[in-house]
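Heads up, the thing below is written out as structure tokens.
Note that the structure is predicted; figures quoted are calculated from it, not measured. Quick note on labels: first sequence line is chain A, next is B, and so on, each numbered from 1.
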Amino acid sequence: MPELPEVESLRRDLEATLVGRRFASIDVRLPKQVVTPTGLSVADLAGKRIERLWRRAKFLIFDLSDGLALVFHLRLAGQLVHRSADGQTMAEGGHPVPAFGAPLPHRSTHVTFHFDDGSVLYLTDIRQFGRVWILPESGVQPLLDQAKLGPEPLDPEFTLEAFRERIVRRQKMPLKPALLDQKLVGGIGNIYADEIIFESRLTPATRVGDLDEAALARLHAAIQTVLSFAVREGVAEILNGKASATRDFPRVHGRKDQPCPTCGTSIVKIQFAGRGTYYCPSCQPIQQPAGV
DNA sequence: AACTACTCCTGGAGGC
DNA sequence: TGCCTCCAGGAGTAGT
């Protein structure tokens, strides 16, 4: 579910409301969502202060006092909502089900963090795939290393050269699964993969080896422009597989049978590499060799 | 090395 | 209304 722009927006919002807070108590209703590889437990969080929130790909990391850390991965359906003691929402993000603003805890709220000021952070996850790790701070980097994440697409080191060096090793791979591979670039998911490929005027089936130099440069630029636009202007709103009717972003994902914003041709939805995939058959003619 | 299929889960939508 | 099937903003693992 939440991809890089959603996690980054959530990080920024939570940073403003959570840094400086201390944990009071934590309720765990679904133990499998809390991973404690070094034997720490939620009880060890009590009294710890949140020092810093940072992000790597789709991982959201809380650095805590006394050398502890919390790491969240929301996977397909995780949602975090921070509410004040009087129930006002201060920050929220992630999967839009249950609807933001709904009463919490929801029946799918599996972990609840209570803070020293009476505010509460709810982890709600209707599909139970999300995870939160409790680690010593020294355990965070090894956890991230395990995922073998590619570069951060919005960081300066994500240059065209760095991108080329990684992507050329996947000559036969079509673009859609290539962009979804976190080892190529960290943070892209199903929605933004479609948006990036559309922006590049390539196709989901285009094979990496068929990209000429101009196409590769377009793809690299599109990764940055699409993701930074989403972080800046507001994340994609997809509800039950459909894009928001009141916004023009995302442009193709979730817009089956709606007109392409560029040429008006109806957007097509196919299954590709096992994922629902949207594209414009006119702007992105799937038989035509890539590039040019 | 590079794929694909399957797995972990629940719930909402749409067909009948 | 009820029952059924399909699908979903991810990613690890096993098998080919």
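- When A/Arg22, A/Lys48, A/Arg21, A/Arg49 are each tested for a salt bridge (charged side-chain N to carboxylate O under 4.0 Å, His left out) with A/Asp116, only one passes: A/Arg21.
- Remark: P of C/dG9 and CD of A/Gln79 are 15 Å apart, rounded to the nearest angstrom.
- Of the two residues near DNA chain B, A/Lys242 and A/Lys172, the one whose nearest nucleotide lies more 5' is A/Lys172.
- The side-chain hydrogen bond (donor to acceptor under 3.5 Å, both in side chains) with A/Asp181 is formed by just one residue from the set A/Arg170, A/Lys176, A/Arg166, A/Lys148; it is A/Arg170.
- Straight-line distance from the OH atom of A/Tyr278 to the P atom of C/dG9: 8 Å, rounded to whole Å.
- For the pair A/Gln146 and C/dA11, the criterion of a side-chain N or O lying under 4.0 Å from OP1 or OP2 is not met.
- A/Tyr192 and A/Glu6 form a side-chain donor-acceptor contact under 3.5 Å, judged by distance and modelled atom types alone.
- Among A/Gln33, A/Arg75, A/Lys32, the single residue meeting the side-chain hydrogen bond (donor to acceptor under 3.5 Å, both in side chains) criterion with A/Gln128 is A/Lys32.
- Looking at heavy-atom distances under 4.0 Å, A/Gly276 makes contact with sugar-phosphate atoms alone, never a base.
- When rounded to the nearest whole Å, the span between CZ of A/Arg169 and P of B/dA1 equals 11 Å.
- Candidate nucleotides C/dG12, B/dC3, C/dG9 were compared by shortest atom distance to the side chain of A/Ala147, and C/dG12 ranks first.
- When Watson-Crick and G-U wobble pairs are counted only if both distances are under 3.5 Å, C/dG9 pairs with no nucleotide at all.
- OP1 or OP2 of C/dA11 has not a single side-chain nitrogen or oxygen of A/Lys183 nearer than 4.0 Å.
- A/Gln182 has its CD atom 8 Å from the C1' atom of C/dG10, to the nearest Å.
- Under the Watson-Crick or G-U wobble criterion, with both distances below 3.5 Å, B/dA2 is paired with C/dT16.
- For the P atom pair drawn from C/dC4 and B/dC9, the interatomic distance equals 22 Å after rounding to whole Å.
- Distance noted for atom P between B/dA5 and C/dC7: 14 Å (whole Å).
- Side-chain nitrogen and oxygen atoms of A/Asn240 include none within less than 4.0 Å of the OP1 or OP2 phosphate oxygen of B/dG12.
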- Message: For a ring-ring contact (aromatic ring centres under 6.0 Å, His included) check, start with the C-alpha distance between A/Phe23 and A/Phe115, then their side-chain angles and the critical distance, and finish with the verdict.
- Response: CA-CA 4 Å; A/Phe23 290 98; A/Phe115 296 100; 5.0 Å; yes
For nucleotides 7-11 of chain B, which of its nitrogen or oxygen atoms have a protein nitrogen or oxygen under 3.5 Å away, and what is each distance?
unit_1	atom_1	unit_2	atom_2	d
B/dC9	OP1	A/Lys32	NZ	3.0
B/dC9	O5'	A/Lys32	NZ	3.3
B/dC9	O2	A/Arg127	NE	3.1
B/dT10	O4'	A/Ile126	O	2.9
B/dG11	OP1	A/Arg107	NE	3.4

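- Both A/Leu180 and A/Lys269 lie near DNA chain C, and the one whose nearest nucleotide falls closer to the 5' end is A/Lys269.
- The side chain of A/His73 places no N or O atom within less than 4.0 Å of a non-bridging phosphate oxygen (OP1 or OP2) of C/dG10.
- Between A/Leu149 and the choices A/Lys58, A/Lys183, A/Gln182, the side-chain contact (heavy atoms from CB on, under 4.5 Å) rule is met once, by A/Gln182.
- If you check the side chains of A/His82 and A/Thr17, you find a donor sitting under 3.5 Å from an acceptor.
- Using a 4.0 Å heavy-atom criterion, one finds that A/Gln271 contacts the sugar-phosphate atoms exclusively.
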